[in-house]
There are 4 protein chains.
Amino acid sequence: MPKDTFNNLPEEKRNHILEIAIHEFAANPYDVASISNIVRKAGIAKGSFYQYFEDKKDLYRTLIEISTDKKQALLTELPSPSPWSDLFNYLRWQFLSTVIFEIRYPDLSQITFRAFVEEVPFPEMAEELRRRGTTQFFKQMIAQGINFGEVAVWVDSDVAAFLLETVFYQFGKYFIKRLGLSESSTLDIKIFESEEAQQLIDNLMDIIEAGMKRSPKQREDYFNKG
Amino acid sequence: MPKDTFNNLPEEKRNHILEIAIHEFAANPYDVASISNIVRKAGIAKGSFYQYFEDKKDLYRTLIEISTDKKQALLTELPSPSPWSDLFNYLRWQFLSTVIFEIRYPDLSQITFRAFVEEVPFPEMAEELRRRGTTQFFKQMIAQGINFGEVAVWVDSDVAAFLLETVFYQFGKYFIKRLGLSESSTLDIKIFESEEAQQLIDNLMDIIEAGMKRSPKQREDYFNKG
Amino acid sequence: MPKDTFNNLPEEKRNHILEIAIHEFAANPYDVASISNIVRKAGIAKGSFYQYFEDKKDLYRTLIEISTDKKQALLTELPSPSPWSDLFNYLRWQFLSTVIFEIRYPDLSQITFRAFVEEVPFPEMAEELRRRGTTQFFKQMIAQGINFGEVAVWVDSDVAAFLLETVFYQFGKYFIKRLGLSESSTLDIKIFESEEAQQLIDNLMDIIEAGMKRSPKQREDYFNKG
Amino acid sequence: MPKDTFNNLPEEKRNHILEIAIHEFAANPYDVASISNIVRKAGIAKGSFYQYFEDKKDLYRTLIEISTDKKQALLTELPSPSPWSDLFNYLRWQFLSTVIFEIRYPDLSQITFRAFVEEVPFPEMAEELRRRGTTQFFKQMIAQGINFGEVAVWVDSDVAAFLLETVFYQFGKYFIKRLGLSESSTLDIKIFESEEAQQLIDNLMDIIEAGMKRSPKQREDYFNKG
DNA sequence: CATGAATGAGGGTTCATTCAT
DNA sequence: AATGAATGAACCCTCATTCAT
């Protein structure tokens with residue numbers, strides 16, 4: 001919730017400030033990210049900053065929101081399969097968009113990642129993040145997948161959601177490192193046309209799918225294990 | 001490599017200082033962790049700290065080493081299945097020990113986790129960590145599993161290792177939260193006698209095993225997918 | 001190159017801070033001069049200092065520049081004989097101005113002196129000082145003096161320049177002590193109206209002049225020495 | 001005045017400590033020279049140091065004394081012309097020994113130099129140094145030289161002594177730099193056999209001699225100047 | 001609405017010195 | 001006589017935030 005002063009700014013200036021702030025908070029943990037750095041690089045007065053934002057925390061909250069919004073926008077932009085028709089297809093799609101998000105907005109992605117793994121110094125925000133985050137959504141999908149017979153009945157939906165979320169948050173960075181992409185890569189989505197990229201994503205998704213899918217063999221294994 | 005001064009300290013005092021330091025570095029990223037805080041809580045003079053350690057980095061290195069050592073000690077303490085006889089059994093055991101480590105030493109676990117996901121300000125140490133870390137080990141095991149027919153041939157060993165490592169590092173925290181264990185839990189290993197705990201671990205491992213295991217059905221799926 | 005913040009300060013405050021800083025750096029070698037002392041005496045916050053200057057080195061550089069500038073201003077203020085008409089007259093004048101500088105700005109003089117004899121912790125600045133310093137200038141003048149027949153041909157211009165510079169840098173302090181002048185002497189240039197002061201300067205300059213001047217006797221001595 | 005404890009030390013150990021201390025105080029101004037450094041390099045306990053010396057000041061005083069003593073020893077070691085037979089010959093000799101001292105004991109020389117130009121934080125010691133130093137001695141010699149007709153009558157003996165002392169203290173460093181000698185030069189006195197070295201010293205001394213010597217020409221100049 | 005000077009607490013680190021062993 | 005742990009003040013520097021203009 002930046003102040004009105006900030007929202008009334010010319011869009012260009014507003015974005016300039018935000019970009020620099022995003023870069024700073026991506027590069028450093030919350031406490032280390034420096035307002036002084038941001039205003040210096042943005043070329044605005046220290047005092048101005050505090051007329052735009054309540055305080056450091058306010059800025060941070062704004063960045064998290066931006067990240068969430070951009071992610072949402074990306075999701076609606078990409079052609080989406082119905083989550084209800086084919087669960088694993090849908091997960092594959094979710095997965096793909098996470099990677100695209102990472103490539104398109106590496107800094108925002110990093111900020112969200114930090115919020116996920118570090119304890120941001122505001123417990124209430126971490127909680128909020130998790131609520132609005134993917135965890136609950138994943139859990140519901142898995143649960144429904146079980147009901148619809150797509151997912152093996154023995155799968156604990158909470159455990160599966162944890163696994164999905166955890167891997168999702170880290171895969172972007174792994175993907176980039178594995179493919180040797182520079183961070184400032186402007187190839188964007190074209191990357192996914194390469195065979196190697198496709199195989200990478202498919203491979204991970206295949207493992208996950210095989211791990212959860214309901215199949216006679218798995219059912220048999222499960223009930224015989226004892 | 002703390003100075004001799006530190007090693008010559010009475011064990012009680014040494015441990016007292018280390019515990020407080022461990023807690024500080026578990027609670028904060030490296031740059032935020034405060035030597036001033038540590039000496040204040042430990043009740044020692046600022047100057048004394050620098051008789052014990054070269055500098056902040058030296059202390060940090062020491063904590064990482066302690067963590068590595070304790071983890072190693074735990075591994076040798078637990079009855080270990082051969083990694084070569086049954087891969088998934090072995091992974092299950094590795095997994096279990098990670099969780100036990102998390103419960104027994106939550107702060108050390110958190111420090112290692114930070115070293116894994118945050119950019120530690122010392123590239124050379126991150127490298128060392130990764131070398132001594134589990135990534136390479138996992139990859140080799142998966143590769144061998146493929147050769148021995150335990151793991152599906154289509155699995156990319158690097159992707160699988162990424163998945164394993166990522167989940168391993170996060171599962172401890174999830175486990176504790178899921179079971180509602182306070183951090184200072186002294187129950188220790190007895191926790192695992194509870195049915196709920198066992199099911200939690202088994203469930204995750206079952207997913208992973210099902211996801212990678214070689215099976216006629218999976219092979220068929222794979223080659224038909226195209 | 002202090003920051004704008006400093007240059008925008010009211011002149012009085014700016015000068016107040018500079019005076020205190022000058023006194024501190026005159027009284028102590030660079031490493032011993034204390035920013036904490038300066039801000040305490042100047043009555044400003046520690047943080048304010050770093051709004052004015054980049055760091056300790058920046059302040060020091062500023063002081064050196066002030067000294068150079070004031071020296072230059074003094075030189076242009078005093079009626080100057082041509083260096084090319086009568087070398088020794090010119091040296092006498094240079095000499096006189098050094099002493100006046102020492103009396104008018106004893107602290108600045110001391111700072112320059114320190115930069116000259118102590119190892120300033122910044123090699124690049126020492127180099128710069130020496131380039132802009134008097135050494136090269138003296139050497140050239142002596143060399144020309146030899147060509148023009150004013151200076152004895154056997155004089156090594158480098159040695160002579162060394163002698164001149166060395167004595168120049170130290171004479172101010174000697175002068176003050178010899179005449180028993182308090183440092184805060186406000187008499188300024190009137191001092192030089194006293195017979196004693198005049199004689200002091202003349203005496204030293206006479207020795208130097210006699211030592212270097214070309215004369216039949218000296219030439220004879222020189223060539224007979226063998 | 002080190003404590004007895006120090007004097008009872010095996011000579012080798014004593015010298016080892018002193019050498020390291022001398023190096024430290026040569027490399028740094030008094031306040032910057034670090035006891036911690038010294039004991040670390042000397043391999044002795046911090047506490048031991050304070051059983052050898054009263055405090056930092058005590059050590060420093062000792063070093064100054066050592067320097068004075070070594071200088072004295074060198075003077076008696078070198079074949080000395082009588083100061084009373086030929087003043088300028090004698091000065092030349094004094095001068096030569098200063099340079100030799102600088103080359104043989106560059107660190108001690110540097111310490112004395114620091115005591116001479118920096119304000120050592122103990123005014124009483126600086127005073128003592130000056131009393132035991134060469135100033136008074138030079139002045140007396142010049143005065144006698146005037147009486148004996150060697151030195152021009154118009155020369156102010158105090159001014160001349162100042163000039164001599166100032167140049168003496170700085171010439172060593174200039175000499176070394178001019179001849180491009182490394183500081184660790186082991187050539188020692190052989191250096192002076194080189195023509196260049198001889199010429200350097202002679203040139204400076206010739207200037208000084210010509211500047212002060214009584215001669216008909218100079219007298220004439222002097223009395224005609226008015 | 002923008003500015004940027006002012007603040008003081010806190011950061012990591014080094015120091016000379018003391019004192020119990 | 002030797003040791004080396006303990007001390008706390010001091011060092012330079014950065015920080016988020018306030019407020020008068």
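Fair warning: this is a prediction, and the values are worked out from it, not measured in the lab. Chain identifiers are assigned alphabetically (A, B, ...) following the order of the sequence lines, protein sequences preceding nucleic acid strands; residue numbering begins at 1 within each chain.
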Any side-chain heavy-atom pair of [X] and [Y] under 4.5 Å:
X     : Y      : value
A:R61 : A:F53  : no
C:L18 : C:L63  : yes
A:I17 : A:L9   : yes
D:S67 : D:I111 : no

Does [X] have a side-chain nitrogen or oxygen under 4.0 Å from the phosphate oxygens OP1 or OP2 of [N]?
X     : N     : result
C:N8  : E:dA5 : yes
C:S48 : E:dA5 : no
C:K13 : E:dA6 : yes
A:Y52 : E:dA2 : yes

Residues two or more places apart in sequence or in another chain: which of them pass salt bridge (Lys or Arg N to Asp or Glu O under 4.0 Å) with C:K13? none
Calculate the interatomic distance between [X] atom [atom1] and [N] atom [atom2]; express it in whole Å.
X     : N      : atom1 : atom2 : value
C:L9  : E:dT3  : CG    : P     : 19 Å
A:E54 : F:dT18 : CD    : C1'   : 13 Å
B:K57 : E:dT13 : NZ    : P     : 11 Å
C:N28 : F:dC12 : CG    : P     : 11 Å
D:F53 : F:dA1  : CZ    : C1'   : 15 Å
B:E12 : F:dA5  : CD    : C1'   : 17 Å
B:R14 : F:dA6  : CZ    : P     : 12 Å
D:I44 : E:dA16 : CD1   : P     : 13 Å

Verify side chain to side chain contact (heavy atoms under 4.5 Å, CB included) between A:L59 and A:I38, making sure each step is shown before the conclusion. CA-CA 11 Å; A:L59 167 62; A:I38 292 171; 3.9 Å; yes
Under-3.5 Å N/O pairs linking protein and nucleotides 10-12 of chain E:
{"from": "E:dG11", "atom 1": "OP1", "to": "B:S34", "atom 2": "OG", "distance (Å)": "2.6"}
{"from": "E:dG11", "atom 1": "OP2", "to": "B:S36", "atom 2": "OG", "distance (Å)": "3.0"}
{"from": "E:dG12", "atom 1": "OP1", "to": "B:A33", "atom 2": "O", "distance (Å)": "3.1"}
{"from": "E:dG12", "atom 1": "OP1", "to": "B:I35", "atom 2": "N", "distance (Å)": "3.0"}
{"from": "E:dG12", "atom 1": "OP1", "to": "B:K56", "atom 2": "NZ", "distance (Å)": "3.4"}
{"from": "E:dG12", "atom 1": "OP2", "to": "B:I35", "atom 2": "N", "distance (Å)": "3.1"}
{"from": "E:dG12", "atom 1": "OP2", "to": "B:S36", "atom 2": "N", "distance (Å)": "3.2"}
{"from": "E:dG12", "atom 1": "OP2", "to": "B:S36", "atom 2": "OG", "distance (Å)": "3.4"}

So which one's nearest nucleotide on DNA chain F is more toward 5', B:G43 or C:Q51? B:G43
What does [X] touch in the nucleic acid at a heavy-atom separation under 4.0 angstrom: a base, only the sugar-phosphate, or nothing?
X     : result
D:L59 : nothing
C:K3  : nothing
A:F6  : nothing

Begin from the C-alpha positions of B:R114 and B:Q110 and carry the test side chain to side chain contact (heavy atoms under 4.5 Å, CB included) through to its verdict. CA-CA 6 Å; B:R114 282 190 189 280; B:Q110 172 70 2; 3.6 Å; yes
Quick test of your reading of the model: are C:E24 and C:K41 salt-bridged, counting only N-O distances below 4.0 Å? yes
Where does the angle between the aromatic ring planes of D:Y60 and D:Y30 fall among parallel (under 30°), tilted (30 to 60°) and perpendicular (over 60°)?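 Taking D:Y30 first and then D:Y60, their aromatic rings stand perpendicular (interplane angle over 60°).
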Consecutive Watson-Crick or G-U pairs in runs of at least 3, all under 3.5 Å, in which DNA chain E is involved: E:2-21 with F:2-21
Passing candidate, ring pair (Phe, Tyr, Trp, His ring centres under 6.0 Å) with D:F6, options D:F49, D:Y50, D:Y52: D:Y52
